[in-house]
Amino acid sequence: MKKKKRVLIIRCGLLGDTVDATSVIEPLIDHFQNNVEINWVSRPGISDLFKHDHRINKVYVLKHTNLPFIFNPDKFKIIFDSLFHPYDLILNLEIGKKFNDIVSISRSKVKIGMPYHYIVDDIFKEHRVEHQLRILEKYLKKYDRKKSVPSIIGVDEAMIKKKFPVEKDFVVLCPTNSHFKKDNYRGYRAWPLENWKNLIKKILKETKLNVFLTGNKNEQQYLKSFYPLGDRVFDLSAKTSVPELITIMKLSNCVIATDSGSVHIAGASAKKTISIHGPTNHYQSSPFRTSSNDIKVATLNLPCSPCYDTPEIKKCPKNICMYDLTAEKIFNLLTSF
């Protein structure tokens with residue numbers, strides 16, 4: 001049997017970034033004719049995404065990304081391991097300089113991406129998946145575009161059916177994102193609490209769907225704002241691992257989320273997703289559309305949007321692009337699938 005080729009992928013971003021980056025996995029597996037060992041560089045917590053992914057051999061977890069390797073045991077281990085087990089390919093999907101030391105010092109026949117190739121992303125015209133694939137194209141000129149999409153693997157469905165009430169039709173609501181607690185412009189991606197509550201009321205009154213609320217352990221207190229829960233509403237905050245959430249979304253009728261890691265998990269696993277956007281650019285940051293998902297973007301398309309990561313958002317006294325996006329509009333999208 002031929003010795004397996006070794007590949008190191010560096011994508012050490014947030015959850016949504018990492019989900020999008022999985023679009024390079026299948027092209028690499030095809031290229032090496034399924035005779036490849038893929039390692040991945042990730043963040044703490046985010047690495048759970050690969051817990052049940054048989055395609056990924058090992059995940060290196062970096063607690064501190066800014067520290068140079070000489071002061072960073074996690075980076076040093078990656079480099080040290082490569083000295084004894086060199087890579088055939090290092091694919092750096094990051095465009096910053098934080099990981100240049102890993103790439104430049106580690107042993108590999110081929111090194112793609114920073115610091116050797118700077119491939120800038122066009123945040124207003126290009127989806128993040130397309131940017132990741134443009135970096136891959138420095139190595140692979142031809143690959144199957146239909147298979148080059150975000151792909152993630154959850155737990156066995158039978159396990160979910162034993163643990164959670166998924167036997168009836170249900171919708172998953174993800175009311176939080178990485179800055180949902182902040183009152184300033186950093187929190188402007190959040191859809192207001194009252195809008196979420198009004199949406200739940202409409203779902204309970206006008207459909208037979210159950211409602212699952214999701215969030216991590218740091219978001220449990222916020223989800224208490226939805227209490228008391230109705231008979232058909234279930235708070236799953238801190239009760240699911242990332243792989244379990246993947247499978248729950250796969251089994252759902254629909255997932256509704258703001259611009260967050262959760263909406264990207266939904267795009268890669270759920271059949272139907274509503275992605276709520278105000279200040280952020282949905283062309284870049286909504287779930288990637290594929291032949292197997294149905295994505296609807298909820299946005300008011302105001303003249304001032306998108307404004308995220310621009311000076312204009314700091315001047316905005318109130319994000320009406322989210323406040324004025326009513327529960328009725330989201331509900332109408334849900335019932336129009």
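For clarity, every value in this text was computed on a predicted model and none was experimentally measured.
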task = Check the pair Ser275 / His277 against side-chain hydrogen bond (donor to acceptor under 3.5 Å, both in side chains), numbers first and verdict last.
result = CA-CA 6 Å; Ser275 187; His277 291 261; 2.6 Å; yes
message = Please give me the minimum heavy-atom distance between Arg134 and Asp121, naming the atom from each residue.
response = NH2-CA, 4.1 Å
ask   = Only one of Ile256, Ile274, Asn253 clears side chain to side chain contact (heavy atoms under 4.5 Å, CB included) with Val171; which?
value = Ile256
query = Any idea which heavy atoms bring Ser23 and Gln132 closest together, and the distance?
reply = OG-CB, 4.4 Å
key: Ser252 to Ala270 - nearest heavy-atom pair and separation   = OG-CB, 4.3 Å
request  = With rounding to the nearest 0.5 Å, note down the distance linking NE2 in His282 to OG in Ser305.
outcome  = 9.0 Å
ask   = Does Lys224 make a cation-pi contact with Tyr227, if we ask for NZ or CZ under 6.0 Å from the ring centre and within 45° of the axis?
value = yes
request  = Using distance alone, with no hydrogens and no angle criterion, decide if Arg55 and Ser151 have a side-chain donor and acceptor under 3.5 Å apart.
outcome  = yes
request  = Would you check if there is a donor-acceptor pair between the side chains of Lys111 and Ser104 at a distance under 3.5 Å?
outcome  = no
task = Indicate, with yes or no, if Val242 and Leu251 share a hydrophobic cluster defined by side-chain heavy-atom contacts under 4.5 Å among Ile, Leu, Val, Met, Phe, Trp and Tyr.
result = yes
Any side-chain heavy-atom pair of Val103 and Pro115 under 4.5 Å = yes
task = Under the side-chain contact (heavy atoms from CB on, under 4.5 Å) rule, what do Phe226 and Val233 come out as? Steps first, then yes or no, please.
result = CA-CA 10 Å; Phe226 292 90; Val233 183; over 6 Å; no
query = Which residues pass the salt bridge (Lys or Arg N to Asp or Glu O under 4.0 Å) test with Lys147, sequence neighbours left out?
reply = Asp30
query = Do the non-hydrogen side-chain atoms of Ile9 and Val41 ever get within less than 4.5 Å of each other?
reply = no
note = Between Leu199 and Ala327 the two heavy atoms that sit nearest each other are N-CB, 3.5 Å
task = Assess whether atom CZ of Phe80 is packed by more than 12 heavy atoms of other residues, nucleotides or ligands within 6.0 Å.
result = no
task = Could you tell me if the ring centre of Trp40 sits under 6.0 Å from that of Tyr60?
result = no
request  = State yes or no: do Ile265 and Val255 share one hydrophobic cluster built from I, L, V, M, F, W and Y residues joined by side-chain heavy-atom distances below 4.5 Å, directly or via other members?
outcome  = yes
query = Same cluster for Ile10 and Ile79 if Ile/Leu/Val/Met/Phe/Trp/Tyr side chains link at under 4.5 Å?
reply = no
Leu62, Leu93, Val61 screened by side chain to side chain contact (heavy atoms under 4.5 Å, CB included) with Cys12, the one that passes = Leu62
inquiry  = Less than 4.5 Å apart, side chain to side chain, heavy atoms only: is that true for Phe164 and Thr240?
reply    = yes
task = Mind running side-chain contact (heavy atoms from CB on, under 4.5 Å) on Arg128 and Asp17 for me, showing each step along the way?
result = CA-CA 8 Å; Arg128 279 190 302 235; Asp17 302 324; 3.5 Å; yes
Common cluster, Val19/Ile29, ILVMFWY with side-chain heavy-atom separation under 4.5 Å = yes
inquiry  = Using side-chain heavy atoms (C-beta onward) and a distance below 4.5 Å, is Lys250 in contact with Glu157?
reply    = yes
request  = Flag the pair His127 / Asp20 as yes when at least one side-chain heavy-atom distance between them is below 4.5 Å, and no otherwise.
outcome  = yes
task = Identify the two heavy atoms, one from Thr214 and one from Leu245, that lie closest to each other, and give their separation to 0.1 Å.
result = CG2-CD1, 3.8 Å
inquiry  = If hydrophobic clusters are built by linking Ile, Leu, Val, Met, Phe, Trp and Tyr wherever their side-chain heavy atoms come under 4.5 Å apart, do Leu28 and Leu133 end up in the same one?
reply    = yes
message = Can you see whether Tyr143 engages Glu26 through a side-chain donor-acceptor pair at a distance of less than 3.5 angstrom?
response = no
query = Going from CH2 on Trp196 to CG on Leu173, what distance comes out if it is rounded to the nearest 0.5 angstrom?
reply = 5.5 Å
ask   = Within a radius of less than 6.0 Å around CD of Gln33, do more than 12 heavy atoms belonging to other residues, nucleotides or ligands occur?
value = no
request  = Anything under 30° is parallel, anything over 60° is perpendicular, the rest tilted; go ahead and classify Phe234 against Phe212.
outcome  = perpendicular
message = My understanding is that only one of His85, Arg6, Lys4, Lys58 makes a side chain to side chain donor-acceptor pair (under 3.5 Å) with Glu37; could you say which?
response = Arg6
inquiry  = Less than 3.5 Å apart, any donor N or O on the side chain of Asn195 or Tyr323 sitting next to an acceptor on the other?
reply    = no
query = Nearest heavy-atom pair of Lys138 and Ile112: which atoms, and what distance?
reply = CB-CG2, 3.6 Å
ask   = Within a strict 4.5 Å, meaning less than it, do heavy atoms of the Ile160 and Lys163 side chains meet?
value = no
task = Using a strict 4.0 Å threshold on nitrogen-to-oxygen distance, state whether Arg11 and Glu94 make a salt bridge.
result = yes
inquiry  = Rounded to the nearest 0.5 Å, what separates atom CG in Leu334 from atom CD1 in Ile330?
reply    = 9.5 Å
key: Within-4.5 Å side-chain heavy-atom neighbours: Thr299 and Leu325   = no
query = Could you state the interatomic distance from NZ (Lys142) to CG (Leu140), rounded to the nearest 0.5 Å?
reply = 12.0 Å
query = For His117, does the NE2 atom sit with more than 12 other heavy atoms under 6.0 Å from it, leaving out its own atoms?
reply = yes
ask   = From Cys254 SG over to Lys296 NZ, what is the distance, rounded to the nearest 0.5 angstrom?
value = 9.0 Å
request  = Evaluate the criterion salt bridge (charged side-chain N to carboxylate O under 4.0 Å, His left out) for residue pair Lys272 and Asp294; output intermediate values, then yes/no.
outcome  = CA-CA 5 Å; Lys272 300 173 183 178; Asp294 193 347; over 6 Å; no
ask   = Does atom NZ of Lys5 have more than 12 heavy-atom neighbours, drawn from other residues, nucleotides or ligands, at distances under 6.0 Å?
value = no
query = Does Glu206 CD have over 12 foreign heavy atoms under 6.0 Å away?
reply = yes
inquiry  = Can you confirm whether Lys97 is buried at NZ, in the sense that more than 12 heavy atoms of other residues, nucleotides or ligands lie under 6.0 Å from that atom?
reply    = no
query = Yes or no on side-chain contact (heavy atoms from CB on, under 4.5 Å) for Val172 and Leu213, after CA distance, side-chain angles and deciding distance?
reply = CA-CA 6 Å; Val172 177; Leu213 300 173; over 6 Å; no
query = What is the distance from atom CE of Met114 to atom CG of Asn92, rounded to the nearest 0.5 Å?
reply = 7.5 Å
ask   = Would you say the side chains of Ser292 and Thr290 form a donor-acceptor pair under 3.5 Å?
value = yes
request  = Take Asn57 and Ile38 through the test side-chain contact (heavy atoms from CB on, under 4.5 Å) and record every step on the way to the result.
outcome  = CA-CA 5 Å; Asn57 174 65; Ile38 299 175; 5.8 Å; no
key: No-hydrogen, no-angle side-chain donor-acceptor test under 3.5 Å, Thr176 and Glu219   = yes
Asp144, CG: over 12 other non-hydrogen atoms inside 6.0 angstrom = yes
request  = Taking the side chain as every heavy atom from C-beta outward, state whether Asn39 and Ile56 have any pair of such atoms under 4.5 Å apart.
outcome  = no
request  = Would you check if there is a donor-acceptor pair between the side chains of His264 and Ser262 at a distance under 3.5 Å?
outcome  = no
ask   = Is Lys202 atom NZ crowded by more than 12 heavy atoms from other residues, nucleotides or ligands, each under 6.0 Å away?
value = yes
message = Tell me whether the NZ or CZ atom of Lys75 lies within the 45° cone about the ring axis of Phe99 and under 6.0 Å from its centre.
response = yes
